[in-house]
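Inspection log for the structure reproduced underneath, given as structure tokens.
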Amino acid sequence: MKNIIWDFDGTLFDTYPQMVNSFLLALNKMHIDDFEIDEYEIYEIMRRHSLSTAIQKYSAHFNLDPEKLRKNYSHFENQNVLNAKPFQNAESLLKNSVDNGMKNFILTHRDQETLLKLLNNNHLSKCFEDIVDKDSDFPRKPNPASINHLIEVNKLDRYATMMIGDRIIDIKAGLNAGIKTVLFDPDAIIIEKSNADYQFSNMYDLNLFLNDSKKDK
């Protein structure tokens, strides 16, 4: 592999603790007590599906206004997420990939301002060639339009390009774009068959795999 397209949340950065906490605070603000909330269930829904699914489920369950729940969540998450850190060994993997001549890209639904703050705060900005974020206004994954954009604009060899993400929609997006895929599932929470070409639970093993794939070329 010469080119890696990374999902951000839950793949490069472990943002789910901040996301779940923000969701909990949003429910609290709408007068839902902690004893009525299963934090792990919130995490499962976000990882297996999406934030929107969690909002839909909990607004229906507690008879809440979904748009108000989303607004309250965003209020807390905008600040909380800045405390997120890269997964263990992610920094060394990224820098090692650059040293080996690989090119890294980010494909995320997160907004550009927050994304750049997190990358800059962790000294990772220089590891990436290009980014497609929420402000790019592409259709959401698994639609492959954003991946195709990165491939076409950066003149990437589709057969030497890989999508790495932590959810099924990341894998489907990669497959829809006709590139190799890796499911990053650190806690083995994905129960749906992913059809990913490869699967890893930690960055150390993923780094070894990428090193081997580079040598094979």
Side-chain angles (χ1 to χ4, degrees), residues 5-30 32 34 36-78 80-81 84 87 106-111 114-115 118 132-147 162-177 179 181-202 206:
I5 300 175
W6 296 90
D7 173 57
F8 185 78
D9 290 274
T11 303
L12 284 173
F13 274 64
D14 187 13
T15 54
Y16 282 107
Q18 287 76 27
M19 292 169 66
V20 171
N21 178 254
S22 299
F23 200 87
L24 177 63
L25 292 172
L27 289 171
N28 289 161
K29 188 173 181 179
M30 299 178 79
I32 307 300
D34 286 350
E36 298 181 80
I37 305 168
D38 184 340
E39 291 185 52
Y40 188 73
E41 183 184 60
I42 295 172
Y43 171 67
E44 282 185 319
I45 294 171
M46 288 182 174
R47 275 273 278 119
R48 290 174 178 168
H49 303 285
S50 66
L51 167 65
S52 294
T53 302
I55 289 173
Q56 182 181 18
K57 175 181 173 64
Y58 280 85
S59 59
H61 182 74
F62 292 114
N63 195 26
L64 303 173
D65 180 347
E67 289 308 310
K68 188 173 182 180
L69 178 56
R70 184 182 293 275
K71 183 178 179 180
N72 288 337
Y73 167 81
S74 297
H75 169 75
F76 292 112
E77 202 261 1
N78 285 341
N80 285 348
V81 76
F87 278 98
I106 291 178
L107 171 54
T108 179
H109 298 311
R110 184 167 290 283
D111 67 281
T114 303
L115 177 66
L118 283 166
V132 168
D133 53 45
K134 180 180 178 181
D135 302 329
S136 303
D137 201 30
F138 281 100
R140 295 180 70 87
K141 295 176 285 189
N143 188 301
S146 51
I147 295 178
M162 174 178 286
M163 176 76 204
I164 302 179
D166 71 300
R167 294 185 296 165
I168 297 297
I169 62 168
D170 300 310
I171 304 308
K172 287 181 177 179
L175 294 174
N176 289 339
I179 63 176
T181 57
V182 170
L183 177 67
F184 178 68
D185 189 12
D187 47 10
I189 202 170
I190 301 300
I191 55 177
E192 181 182 346
K193 183 175 174 59
S194 71
N195 293 319
D197 294 288
Y198 309 97
Q199 182 168 332
F200 293 92
S201 62
N202 63 82
L206 179 54

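T181 contributes a side-chain N or O that, together with a main-chain N or O of D197, makes up a donor-acceptor pair within less than 3.5 Å.
Counting non-hydrogen atoms of other residues, nucleotides and ligands closer than 6.0 Å to CD of Q199 gives a total above 12.
Side-chain contact between L69 and L27: present, with at least one pair of heavy atoms (C-beta onward) separated by less than 4.5 Å. For the pair F23/E77, no side-chain contact is recorded, criterion being any heavy-atom separation below 4.5 Å from C-beta on.
Applying the side-chain hydrogen bond (donor to acceptor under 3.5 Å, both in side chains) rule to S201 yields no partners; only residues at least two apart in sequence or on another chain are considered. Residues satisfying the side-chain hydrogen bond (donor to acceptor under 3.5 Å, both in side chains) criterion with T15, sequence neighbours excluded, are D9. With sequence neighbours left out, N176 forms a side-chain hydrogen bond (donor to acceptor under 3.5 Å, both in side chains) with no residue at all. The ring pair (Phe, Tyr, Trp, His ring centres under 6.0 Å) search around F8 returns F13, not counting sequence neighbours. For E41, the side-chain hydrogen bond (donor to acceptor under 3.5 Å, both in side chains) partners two or more places apart in sequence, or in a different chain, are Y58. Applying the side-chain contact (heavy atoms from CB on, under 4.5 Å) rule to E39 yields the partners V20, L24; only residues at least two apart in sequence or on another chain are considered. Partners of R140 by salt bridge (charged side-chain N to carboxylate O under 4.0 Å, His left out), not counting sequence neighbours: none found. F200 is linked by a ring pair (Phe, Tyr, Trp, His ring centres under 6.0 Å) to F209, counting only residues two or more places apart in sequence or in another chain.
Of all the heavy atoms in P186 and F87, the pair that sits closest is CG-CE2, 4.1 Å. Scanning both residues, T108 and R110, for their nearest heavy atoms gives OG1-N, 2.9 Å. Taking every heavy atom of both residues into account, N80 and Q18 meet most closely at O-CG, 3.0 Å. Here the closest heavy-atom approach between residue A26 and residue Y73 is recorded as CB-N, 3.5 Å. Across all non-hydrogen atoms, the minimal contact from K134 to H109 is CB-O, 3.1 Å.
Within the structure, salt bridge (charged side-chain N to carboxylate O under 4.0 Å, His left out) pairs that include any residue of residues 17-27 do not occur (at least two apart or interchain). Within the structure, salt bridge (charged side-chain N to carboxylate O under 4.0 Å, His left out) contacts touching residues 55-72 (residues at least two apart or in different chains) do not occur. For residues 15-26, the set of pairs meeting the salt bridge (charged side-chain N to carboxylate O under 4.0 Å, His left out) definition, not counting sequence neighbours, is empty.
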Name each donor-acceptor pair under 3.5 Å that joins a side chain in residues 162-173 to protein atoms two or more places apart or in another chain, with its distance.
unit_1 : atom_1 : unit_2 : atom_2 : d
D166   : OD1    : T11    : OG1    : 3.3
D166   : OD2    : Y16    : OH     : 3.2
D166   : OD2    : R47    : NH1    : 3.3
R167   : NH1    : H49    : O      : 2.6
D170   : OD1    : K141   : NZ     : 2.6
D170   : OD2    : D166   : N      : 3.2
D170   : OD2    : R167   : N      : 3.0

